[in-house]
Amino acid sequence: MSGTPQLTLYNTLTRTKEAFTPLDPSNVRMYVCGPTVYDFAHIGNARPVIVFDLLFRLLRHVYGADHVTYVRNITDVDDKINARALRDFPDLPLNEAIRRVTEKTEAQFLSDVSALGTLPPTVQPRATDNIGEMQTLIAELIRRDHAYNAAGEVLFAVDTMPDYGQLSGRNLEDNLAGARVAVDRHKKNPADFVLWKQSADNEPGWDSPWGRGRPGWHIECSAMSERYLGQTFDIHGGGLDLIFPHHENEIAQSRCAHGTHAMAQVWMHNGFLQVEGQKMSKSLGNFITINDLLQTGAMGGHAWHGEVLRLAMLMTHYREPIDFSLKRLEEAESKLRNWQQAAWGAEISESGQPDASVVKELADDLNFHRASVALDFIAKRANRNEGDAKHCLAATLRFLGFSLDSLLTSDEGWEEPAHIATAIAERLAALNNKDFARADAIRNELAEQGIALMDYKDETGERRTRWEVKR
RNA sequence: GGCCACGUGGCGGAGUGGUGACGCAGCGGAUUGCAAAUCCGUGUACUCCGGUUCAAUUCCGGACGUGGCCUCCA
């Protein structure tokens, strides 16, 4: 950890970039809102997963891999899940139907996300495994007079928190002026939100002091972050849309239940994305899931490697809006391919350290694009065979979550590398005999199999040949 | 109606009060049996209108445009 860079992160709470100082450098704690498991995750969902994975990697680099705890929850209780269960499994008992939906969707999410080159979070808690913790929190909020029971619901009373609205920068009066949704009569203040609601017989529910019911949306994150990270922790992240009401309400719950002045020190939010210049929506027919990109030709007529999707997402700073497009994927693919080509042949070593200039750029509020410029520079040096640039490039690529050969070799080894090596050797022999017709025939033959050959000279000036899978 | 982002060359995309990053594509050259790859070089920009300033793409104000949030959407 010599020369530890100073991290700077943009904090939504203060709307400024701030120097980051962990509460406890021996255990840096980060919570990110994860998926509600009722359907395939779309590419918008992929953005925070990738962005905060990058931050996780950076934190591990700076503070040590064993000194960072990253929690990403899985929301498996939600009315959308209930609806999906009823739709997909109308003949099953509700609990069984729900279990089918959430298990299947969760497995799909984890598989999609690992293809994006993301490390698994330290803990991935499920909401349904933390119902007791949520009830404890709700009971405490009632005891402290921050919550009340009305019309069968337990509600949080926003009037009991003087600085409610700090994160989103909106005050309650402004909010109400143009509210679109009719106000429930039983609420003391229209902005009060549900902590616990009653369940009908055909809805999932848990016994509680307030009757059989289920938790409100926000309480799970308050409960799970406390359980795994404590009452106050370092970083809380998620999409821009979560600032209000979700994160605002999490803060209200946690701080009021614990009597603390902060839930997380730093609140980070990634920007939204559009698809080909339009907002992504099912009605426009441009709704794209991670799995569509990984497995089908939904965009560009063929599947894309998860690392290409990762790079396409990181090419733009995490707080900026992204226009996700075919052109972007193509550019990401060629960029990653160039890096991998430049790193080709580097020895793979687990101990290799990432380039300091790349780390430094990332340390400035995750400026991946500047980091990629530094990486381009290293790649150029590697192509000129300068110093240990090749190994440095390889180590840095791995640090950033990219493999060294994903675009250069076929995933499933559909072609025997040994077979290719033989053909290359034969062609080189033909070339040495000036038998160009034979040499070109071999090259064409391989080209038809999707293998591209590239001749180059090694350090001694001898002609050599490299190959890669081409699209 | 309220609040919040964003608007840079053909495309992607950083950044800065004063010498127009960087990548892709384009163009020129080197290398090559021919290719590909690689290397070297190169053109084009800061939505509009005011203001502050010796000087603004960069600061301030306004307009226009795009997107987001305003009770469960990353």
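- Within the 4.0 angstrom heavy-atom criterion, no nucleotide atom of any strand lies near Arg47(A).
- To the nearest whole angstrom, the two P atoms, one in G17(B) and one in C11(B), are 26 Å apart.
- Distances shown here put a side-chain N or O of Lys380(A) below 4.0 Å from the OP1 or OP2 atom of C40(B).
- Between Trp217(A) and Asp364(A), the one whose closest nucleotide on RNA chain B sits nearer the 5' end is Asp364(A).
- Look at Arg463(A) and you won't find any side-chain N or O under 4.0 angstrom from OP1 or OP2 of U32(B).
- By the 4.0 Å N-to-carboxylate-O rule, Asp355(A) lies too far from Lys360(A) to be salt-bridged with it.
- Whole-Å rounding puts the Met268(A) CE to C4(B) P distance at 21 Å.
- Side-chain N/O atoms of Asn367(A) include one lying less than 4.0 angstrom from OP1 or OP2 on G15(B).
- Among the atoms of the strands shown, base atoms are found under 4.0 Å from some heavy atom of Arg443(A).
- The side chain of Glu320(A) sits closest to A14(B) out of U38(B), A14(B), C72(B).
- A donor-acceptor contact under 3.5 angstrom links the side chains of Thr316(A) and Arg328(A), judged on distance only.
- Separating the CG atom of Asn270(A) from the P atom of C69(B) is a distance of 13 Å, rounded to the nearest angstrom.
- Contact check on Asp455(A) versus Arg427(A) returns a salt bridge, with a Lys/Arg side-chain nitrogen under 4.0 Å from an Asp/Glu carboxylate oxygen.
- For the P atoms, the distance from G7(B) to C48(B) is 13 Å, rounded to whole Å.
- Between the P atom of C72(B) and the NE2 atom of His246(A) lies a distance of 13 Å, rounded to the nearest Å.
- The C1' atoms of U19(B) and C27(B) are separated by 25 Å, rounded to the nearest whole Å.
- Among the heavy atoms of the strands lying under 4.0 Å from Phe272(A) is at least one base atom, whether or not backbone atoms are also near.
- Nucleic acid contact class of Glu468(A) (heavy atoms, under 4.0 Å, all strands): none.
- For the pair Ala439(A) and Ile322(A), both in contact range of RNA chain B, the more 5′-proximal nearest nucleotide belongs to Ile322(A).
- Atom P of A63(B) sits at a distance of 13 Å from the matching atom of C3(B), rounded to the whole Å.
- Rounded to whole Å, atom P of A36(B) lies 15 Å from atom CG of Asn338(A).
- Going from the C1' atom of G26(B) to that of C59(B) covers 37 Å, rounded to whole Å.
- Counting non-hydrogen atoms under 4.0 angstrom, Gln274(A) reaches the backbone sugars and phosphates but no base.
- Contact check, Lys327(A) against G12(B): no side-chain N or O comes under 4.0 Å of OP1 or OP2.
- Within 4.0 Å of His317(A), counting heavy atoms only, lie sugar-phosphate atoms of the nucleic acid but no base atom.
- Going from atom NZ of Lys335(A) over to atom P of A14(B) covers 12 Å, rounded to whole Å.
- Taking the charged nitrogens against the carboxylate oxygens, Glu386(A) and Lys380(A) have no contact shorter than 4.0 Å, which rules out a salt bridge.
- Residue side chain Asp455(A) reaches the base of A35(B) through a donor-acceptor N/O pair under 3.5 Å, judged by distance alone.
- A salt bridge links Asp365(A) with Arg319(A); the closest basic N to acidic carboxylate O contact falls under 4.0 Å.
- For His218(A) and Phe193(A), the gap between ring centers is short of 6.0 Å.
- For the OP1/OP2 pair of U38(B) and a distance below 4.0 Å, the side-chain nitrogens and oxygens of Asn383(A) include no atom meeting the criterion.
- Rounded to a whole angstrom, the distance from the P atom of U57(B) to that of U52(B) is 15 Å.
- A salt bridge is defined here as a Lys NZ or Arg NE, NH1 or NH2 lying under 4.0 Å from an Asp or Glu carboxylate O, and Asp78(A) with Arg214(A) fails to meet this definition.
- Comparing C49(B) with C64(B), their C1' atoms are spaced 10 Å from each other, to the whole Å.
- Ile243(A) comes within 4.0 angstrom of no nucleic acid atom, judged by non-hydrogen atoms across all strands.
- One can find a donor-acceptor pair under 3.5 Å joining the base of G33(B) and the side-chain atoms of Asp440(A).
- Taking 4.0 angstrom as the limit, Arg466(A) places none of its side-chain polar atoms (N or O) nearer than this to OP1 or OP2 of A36(B).
- Using a 4.0 Å cut-off, some side-chain N or O of Thr316(A) falls inside it from OP1 or OP2 of G13(B).
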